[in-house]
Amino acid sequence: MAVTSYRRRWTLDDRAESVWHSLPVDIPADCPGLHVTLTIPPVEGAVIDIGCEGAAGWRGWSGGARTTFAITPSAATPGYVPGELEAGTWWVVLGLHRVPVEGVELLVEAVTGPVDTIPGLTEYAEASAAIAVPPRPPRRTLPASSGLKWIAGDFHAHSLHSDGSTPIANLAALGVSAGLDVLAVTDHNTVAHHPELPSLSKRFGIGLIPGQEVTTDTGHANAFGEIGPIDFRRPAATWVSEVARRGGLLSINHPLGGDCSWRHPLPEHPPLAEIWHSSWLDQTWGGPVAWWQAWGLENTTPIGGSDWHNPTSLMPPGSPTTWIAVDANAEGPDELPTATLQALAAGRTALSWSYTAPVLIRADDELIALDAPNTLVISPDGTRHPVPTPKTHLPATPGPHLLITHTGQLLSTCA
């Protein structure tokens, strides 16, 4: 057993140099485990993140949710990838998210050798096993174009693999209860949760989409697909091309979400943007739509995400709901995630505030406004069309459309 310790006062100068700093740890051949502990004094204003990079690649991230983790060949703390500890130099990665003016003294201790107890693992497994499959609400069937069908999804949720309060099994249960067919699990700066998704999809009957919320202090983006980790420490401009190269899809998250608003410069736009987000509490506020219009309506497919973390989150999973027009032959939790990503790439989405809320959809050569009498549809050219009945058919023109009330409250968007 060997112990590597680092005690240092970190200052605003360090934060100005870089948000992320890496501390080396030597991993010998046939190492049975690594246990890392970060000690942060109770200093007001100090918010420190922690993660781990192995000699052969990224192994996980806690952010500020944990101060200790362990990795062994067969198991790891939630948020970290188990497996062989390849010999060589590993790195404990610190994120200086917030550093007080007077600085903060941190102690990092990395122990190599046998690990008796893996922090968080037993509690996670017990909580996951205790969650039952809930009943699904009555299914809502929306008219669709020939060869397609509409399914319901949520593209933003967190588990105990990052800063969520619950195992993925509970996310799946909440998604089923909300009527969802697919749910993206998008933990921060890690893909350690991806191996769990196929078995839980089958257990709960919901398609769980692998995702990573690529997280920095100047903006977040979701990378969808089984594409491996995206390095959040690299410039955001590289995320777009790297995700595309690996066959995934990138979405700008909550672009007007307080201190998490998008502020990275990009030479090219990713294909998706989370225009609808749980932080959009006042539906008469036109900010997100204005951002979407300025960003480029025609080239950015809108999606929505609850960004659910815990029972105190602003909205439950499925609020808002993203409707995706997928291949009509895609069935079951094994096929729906892939079909969903294909439909997103093709730009076939509609959004509503919940599973049962009013919605505007496309079906062949028509727009159909459902459950929204006495409202208006705004075409891309600004033309307004009255919606007199609970099921109103309108001619479909190219481009995004908005469904609003007479007071300007947004009810639905259709790409």
Side-chain angles (χ1 to χ4, degrees), residues 47 49-51 58 60-67 69 76-81 95 97 119-121 123-125 127-128 131 153-178 180 182-197 200-201 204 206-217 219-226 229-230 232 250-255 257-262 272 274 276-280 303-322 337:
V47 181
D49 299 333
I50 191 170
W58 191 247
W61 185 249
S62 295
R66 298 179 186 274
T67 56
F69 65 85
T77 296
Y80 293 83
V81 178
H97 186 62
L121 184 61
E123 299 88 340
Y124 184 94
S128 183
I131 296 167
D154 184 336
F155 288 96
H156 197 160
H158 295 276
S159 77
L160 278 164
H161 281 277
S162 60
D163 58 349
S165 68
T166 192
I168 294 172
N170 193 45
L171 290 181
L174 292 170
V176 170
S177 296
L180 300 181
V182 292
L183 173 68
V185 185
T186 55
D187 282 311
H188 296 282
N189 294 338
T190 185
V191 295
H193 54 292
H194 288 193
E196 281 189 71
L197 302 184
L200 289 174
S201 291
F204 286 88
I206 182 173
L208 297 175
I209 296 173
Q212 172 196 345
E213 185 164 21
V214 192
T215 305
T216 75
D217 64 336
H220 301 181
N222 275 342
F224 299 116
E226 192 63 79
I230 299 300
F232 59 95
L250 189 71
S251 170
I252 299 300
N253 283 356
H254 40 65
D259 66 349
C260 296
S261 296
W262 185 260
L272 310 173
E274 189 183 64
W276 287 46
H277 182 261
S278 55
S279 61
W280 190 1
I303 61 173
S306 64
D307 202 356
W308 195 89
H309 283 73
N310 56 58
T312 66
S313 294
L314 295 172
M315 296 287 186
S319 297
T321 295
T322 303

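The basis for the numbers below is simple: all heavy atoms, side chains too, and nothing from hydrogens, waters or symmetry mates.
Within the model, atoms CZ of F155 and CG of D307 stand 14.5 Å from one another, a figure rounded to the nearest 0.5 Å. The CH2 atom of W58 sits 9.5 Å away from atom CD of Q212, with the distance rounded to the nearest 0.5 Å. The CG atom of N222 sits 8.0 Å away from the CG atom of L250 when rounded to the nearest 0.5 Å. To the nearest 0.5 Å, atoms OG1 (T216) and NE2 (H188) are separated by 11.5 Å. Note that NE2 of H193 is 4.5 Å distant from CG of D187, once rounded to the nearest 0.5 Å. The structure places CH2 of W280 at 15.0 Å from CG of L314, a figure rounded to the nearest 0.5 Å.
Within the 3.5 Å criterion, the main-chain N or O of L197 finds a donor-acceptor partner in the side chain of S201. Judged by distance alone, with hydrogens and angles left aside, the side-chain atoms of N310 form no donor-acceptor pair with the main-chain N or O of S165 at under 3.5 Å. At distances below 3.5 Å, at least one donor-acceptor pair connects side-chain atoms of T322 with backbone N or O atoms of G304.
In terms of heavy atoms, A76 sits closest to L121 at O-CD1, 3.5 Å. Residues P317 and A178 come closest through the heavy atom pair O-CB, 3.3 Å. Considering all non-hydrogen atoms of both residues, A157 and L183 come closest at CB-CD1, 4.1 Å. Smallest separation of non-hydrogen atoms from S251 and I303: OG-CD1, 3.5 Å. Of all the heavy atoms in T77 and P119, the pair that sits closest is OG1-O, 2.9 Å. The shortest non-hydrogen separation linking S278 to S306 is OG-O, 2.6 Å.
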Query raised in the report: Under the side-chain contact (heavy atoms from CB on, under 4.5 Å) criterion, do T166 and L171 qualify, and how do the steps go?
Result: CA-CA 7 Å; T166 192; L171 290 181; 4.2 Å; yes
Requested in this report: Would you please test D49 and W61 for side-chain contact (heavy atoms from CB on, under 4.5 Å) and show each step?
Outcome: CA-CA 8 Å; D49 299 333; W61 185 249; 3.3 Å; yes
Query raised in the report: How far apart are the C-alpha atoms of H97 and D217, what are their side-chain angles, what is the distance that settles it, and do they pass the side-chain contact (heavy atoms from CB on, under 4.5 Å) test?
Result: CA-CA 7 Å; H97 186 62; D217 64 336; 3.9 Å; yes
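Of the residues N253, N189, T186, the one that meets the side-chain hydrogen bond (donor to acceptor under 3.5 Å, both in side chains) test with E213 is N253.
Annotation: side chain of H156 is in contact with side chain of H254 (closest heavy-atom distance under 4.5 Å). With contacts defined as side-chain heavy-atom distances shorter than 4.5 Å, the pair R66/P78 qualifies. Within the 4.5 Å cutoff, side-chain heavy atoms of L272 are placed close to those of F224.
Looking only at atom types and distance, the side chain of H161 has no donor-acceptor partner in the side chain of S159 under 3.5 Å away. A side-chain N or O of Y80 and one of S62 form a donor-acceptor pair less than 3.5 Å apart.
Contacts of F204 classified as ring pair (Phe, Tyr, Trp, His ring centres under 6.0 Å), with partners at least two apart in sequence or in another chain: none.
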